[in-house]
Structure formats: C-alpha cells, structure tokens
**Q** 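One structure coming up, written as structure tokens, with questions to follow.
Read the numbers this way: they start at 1 and go in the same order the structure lists the ligands and their atoms.
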Amino acid sequence: MTLLTIPTQPIDGQKPGTSGLRKKTPVFMQHHYLENFVQAIFDATGGAAGKSYVVGGDGRYFNDRAVQVILRMAAANGAAKVIVGANGILSTPAASHLIRKYQTDGGIILSASHNPGGPNEDFGIKFNTPNGGPAPEQVTEAIFAATGRLTEYRIIEVQDIDIATLGPQMLGDMHVSVVDPVSDYADLMETLFDFNAIRAMIGRGFRLRFDAMCAVTGPYAREILENRLGAAAGSVVNATPLPDFGGMHPDPNPTWAADLMDKLWAEDGPDFGAASDGDGDRNMIVGRRTYVSPSDSLAVIAANAHLAPGYAGGLAGVARSMPTSTAVDRVAAERGMECFETPTGWKFFGNLMDAGRVTLCGEESFGTGSSHVREKDGVWAVLMWLNILAATGKSVADLLAEHWARYGRTYYSRHDFEALDADAAAAMIEDLRARLPGLPGTTASGLTVAAADDFAYTDPVDGSVSAGQGIRLTFEGGARAVMRLSGTGTSGATLRLYLEHHADGPDGLTLDAQEALAPVIRAAHDIAGIAEKVGRTTPDVVT
Ligand code: G1P
Ligand code: ZN
C-alpha cells in the first residue's frame, strides 16, 4: 500500500448547486475530476485527519468506482473511520441517519437524485455536515473556493476494497465498517410510526403499490413494507436498484411515474400508491384515482402528524420552501405553530431543525421530511401517510376532501421549461428583476400585480442572508406566480414557473388545477415574456 501525492490543478466549474455538484457522468469520470472535488471537501472542512465519515450513494453508474476512490482518499488524508453502505449503497436519508446515529464528522453522498443515471447521464456528489444535513452555503462556497486552489490530492494505491461483505476491516490505518444499508434506517422508522396499526390495516385487505423506479429505495421498501408490515409480496415494484435505473427517469411525479398513476386509476387498482426517486429522498403519494400534490401532502401531514407515535406531542413548527404552496401555512396558523418560508433546497431547513424550531419541512418538488434526519425522506413520507390512514380509517380521497373543506384548497402547479438557452434564460430573469419595482399596480391578462420582489432570506438562527432566491409576483385576490432557474440541471437552463391560487370553499374545490390556475398562468407568461425571450409557450413537464 503506497501513499501517493498526485499533482493536480484546479478544474473550472466545480461549483455545487441546489444540492451538491452535479455533472454528466463522463465529466465526473475525467482525469482527476472526482479526486479534486473530494480533496476540496477535505481541505475546506479542516482536513480529514482523525475524522470519521459515512459514504454511500444511490447505486447509479460510477457509484461503485467513486466509493473506492473516496475510501482510498479518506485513508490517505488520515481519516480514522469510514462507515460505508454495502456495495457502496445508501439512500440519502439513510446516510443522514447514519451520520447522526454514529456522530460522524459528516458524510459524502453520491447521487444526482432524480436525474437519470448511466454512462451518458448524470452523476453527483455532495458533502453532509455532522448534523446529517446537506452542507450549508458557507460550506459549499468554501469547498468551491478550495477547488480553485488545488495543487495536489492524496490517495493510497491499493487493490479494490471489499465493500460487499458486512463488517469491519482496515484500510491502512483507517477503519472501514461495511454496514447493511437498510437495517438502521428501518429500525428508526419503527420508532416513529405505529407499525402494528399499519400491519392491521394491511391485514384487513388494504392494498398498496410502491414504485421504487429501479432506484435506491427498492430494498428499503421491501424490508419495511413487505417484510415488516406484511404487504403482499410484489407490492414493491421496480425494486432492484440498477446502475441506469433500468432506463427510467427516477423522478416520482405523474409524468415520470405514469405507470403508477395508471395502476391507481385502474378499475381494480390498489388503495394507495407511492413512488420515490433515485436516492430515496423524494416521494409521490397517490390514492385511488386521487393525486396528492406535494404541497397538499405537506399540509395534510402537518394537520395529522400527531396520529403517529413519534409525533404524538405535536410539531414544534413547520417550514416550507418559498415556491411551495401556502396550504401548510393555514394549518400552522390554525394550530398556532411557527411557519417558516425558506429558499429552495433542503439545506435551508437544517438550522431550523437543529434549533428545535421546526419538526416538519417540505418542498413542492416532492420533498417531505422531519427532524428525524436532516434530509427529505421518501419512505418516511409514505409511512406517515400509511400511519394517518390506519389511524383515521379514511381513504386518501376522503382525507384530502376533508382537508380542503376545512382549510380551503390551494390550487397549485409547477411548469418546467427545460433545456433553454442558458444565456437567454438568465437574461429573461435579469430583465424581469429589473422591472420588479414598476410592476405593482400594473395589470396583466386581467390580473393586477399587488407585490413583486426577488426573494431574499435571512436565516433566523445564524443570521446568514441568501439573496436572489426567486421572483415572486403576488396578484390582487391572492394568486401567486414564482419564477426561478433550476440549480440542479447539467445542461442548458430550466425555468421553473410555480403557480398558486387559493379557494376558500365550500364551492369551487374540485376544479382541475390547470383550469383553476389559467388566469395566473397567462399573467405570468405576459409579464415575463416567456415566449419572446426563451421561445416557449408550453412547459415540458407539469406537476
Ligand atoms: C430541485 C427542486 C428543489 C430540491 C432540489 C433537490 O432544485 O426544485 O426543491 O430541493 O431539486 O432535490 P432546482 O432544480 O429547482 O434547483
Ligand atoms: Zn433525491
């Protein structure tokens, strides 16, 4: 075993986005690309000497090679211990849990989340801090700065490490512990939810279907839903994680999980459907012929979480990302809970959870989670819903209808315009930003702008400020449109247009969302000039 110090030079563009560094797989496989970034993580966080880490990923193409490199670099940089999921696999929430449970100095997670995987698709890497959460902006900026100063990286030369066999081993002076990726996580879930009640509901004939989309949650869902909760064998489909996700786009939404939607709309469909994404932090919840939008899911959970044993004492507070609908705000107001509005990205919830200000967090992008870990958590959201259904004996459709009847319905949709020319998209946002002060009082497609701003967030815990987090247009009557550019893409630009309109009820609660939102959609297009500026009139993906 030889310790090597390899000369290198900075590589442009290693700047983490909304959730870590994401690039096309061939970019990551370039000479020194991964190594540089890993060395920058260590350099920017005070070095690895004497430290312990969790390492794992969603199993996508190159995951296995990257884990070997990270282990060898951690050893060369003097790390004391690395806990690694068997075969290099850990879902993102499971990795977050291990960091917390074993109180490591952080973790390195390999994933490009819901982006497709494969030799020509996407790869990603991110650093999580000792609280188990994604590194906050100050840390990702320090890592990016370190990528620009690199002159060398350290690695040991050694045969591949056996990460298929569970148990401890040594890599030079470093302890490596290969752990079952599922068991700790499944045990944690048993402490939060009423498994007996869910098992009894399933025993009474309740049928469910979980689509793991050939990504990381298959083994987790099988163990929990089929083995521990007694769902029929085969309830978890696409359950084997594959390096290319079987060619699927592992993003749990009605477009990419269309097969699940079909099954839930079928004559003899199951009572409950769910899907998760590449790395297991996202979720989609579907009832019989009932789609639950992520913003509604967050609100329903906020109203009912106390039915789960882990949350019986109530929630400390809730937080949602700014573009997420205000449905949860109404529950918080009714319950007298604090409700925070943060920028997009789970990293902004970390401080609030660490400070005990919030228990439940959510994003419109199919992300829901609680302070049990510091990541959003797909399987957790599924279990929360199952627990609520078991405790109330109601169907998904009834729960949703009752929720709307009580709080009103916040119609909501996100329109994504993908693969735009990056310069044109940036120019459109810049132009809109420049016009913001003049917009209030003006009218577009029959709606009058009440307020227009560029969202800036001051973290209530550490006072850090994050500006430029998305353009908000609020209209008289309460409708809202938000626009921002995606920070997770790997080619061109994606414009996200978020639309919302609240109906108090009791009438008008069962419209088609796109119909209910038609006026605000037109107004947003008018004001931003999407057709003229980026040449698009219809979105690529509607959720
Ligand atoms: C997207 C979502 C955001 C989520 C992130 C990571 O980021 O919109 O809510 O936190 O993925 O899963 P975006 O591409 O919009 O920057
Ligand atoms: Zn994800």
**Q** Identify the closest protein heavy atom to atom 1 (C) of ligand 1: which residue and atom is it, and at what distance?
**A** R282 NH2, 3.6 Å
**Q** Indicate whether any N or O donor in one side chain lies under 3.5 Å from an N or O acceptor in the other, for Q514 and H415.
**A** yes
**Q** Quick one: NZ on K376 to CG on D277, what's the gap to the nearest 0.5 Å?
**A** 7.5 Å
**Q** Give, for atom CD1 of I429 and atom CE of M483, the distance between the pair rounded to the nearest 0.5 Å.
**A** 6.5 Å
**Q** How far does CG of D180 sit from OH of Y185, to the nearest 0.5 angstrom?
**A** 14.0 Å
**Q** Could you tell me the residue and atom name of the protein heavy atom closest to atom 2 (C) of ligand 1, and the distance to it rounded to 0.1 Å?
**A** S365 OG, 3.5 Å
**Q** Hey, which atoms in ligand 1 end up nearer than 4.0 Å to a heavy atom of G345?
**A** 10 (O)
**Q** What protein heavy atom is closest to atom 8 (O) of ligand 1, reported as residue, atom name and distance in Å?
**A** R414 NH1, 3.4 Å
**Q** Is it true that N387 and Y311 share a donor-acceptor pair across their side chains at a distance under 3.5 Å?
**A** no
**Q** Test your reading of the structure: does S486 have an N or O sitting under 3.5 Å from an N or O of ligand 1?
**A** yes
**Q** Under a 4.0 Å heavy-atom limit, does E375 contact ligand 1 with its side chain, its backbone, both, or neither?
**A** neither
**Q** Is R320 paired with E363 through a side-chain N to carboxylate O contact shorter than 4.0 Å?
**A** no
**Q** Looking at D122 and K23, is there a salt bridge between them, counting it only when a charged N and a carboxylate O are closer than 4.0 Å?
**A** no
**Q** Hey, is R100 close enough to D184 for a salt bridge, meaning N to O under 4.0 Å?
**A** no
**Q** Ring centroid separation for F28 and F62, is it under 6.0 angstrom?
**A** no
**Q** Is any N or O atom of G487, backbone or side chain, closer than 3.5 Å to an N or O atom of ligand 1?
**A** yes
**Q** For atom 4 (C) of ligand 1, which of the options E363, R22, M322 provides the nearest non-hydrogen atom?
**A** E363
**Q** Can you confirm, on distance only, whether ligand 1 has an N/O atom lying under 3.5 Å from any N/O atom belonging to T344?
**A** no
**Q** Considering only protein heavy atoms, which is closest to atom 12 (O) of ligand 1, and at what distance to one decimal place?
**A** K376 NZ, 2.8 Å
**Q** Would one find an N or O of R484, backbone or side chain, under 3.5 Å from an N or O of ligand 1?
**A** yes
**Q** Regarding D354 and R374, does a basic nitrogen lie under 4.0 Å from an acidic carboxylate oxygen?
**A** yes
**Q** For the Zn ion (ligand 2), which protein N/O/S atoms are closer than 2.8 Å?
**A** S113 OG, D277 OD2, D279 OD1, D281 OD1
**Q** Rounded at 0.5 Å granularity, tell me how far NE2 in H97 sits from CD in E375.
**A** 13.5 Å
**Q** Please identify which atoms of ligand 1 are closer than 4.0 Å to at least one heavy atom of R496.
**A** 8 (O), 13 (P), 14 (O), 15 (O)
**Q** Please confirm whether G367 comes under 4.0 Å of ligand 1, counting heavy atoms of the residue only.
**A** no
**Q** Is ligand 1 under 4.0 Å from a heavy atom in the side chain of T18, in the backbone, in both, or in neither?
**A** side chain
**Q** Suppose we measure from atom 7 (O) of ligand 1 to each protein heavy atom; which comes out shortest, and what is that distance?
**A** T488 CG2, 3.5 Å
**Q** Are the side chain of D296 and the backbone N or O of V292 linked by a donor-acceptor pair below 3.5 Å?
**A** no
**Q** Taking only residues two or more places apart in sequence or in another chain, which ones pass side chain to side chain contact (heavy atoms under 4.5 Å, CB included) with S486?
**A** T488, T494, R496
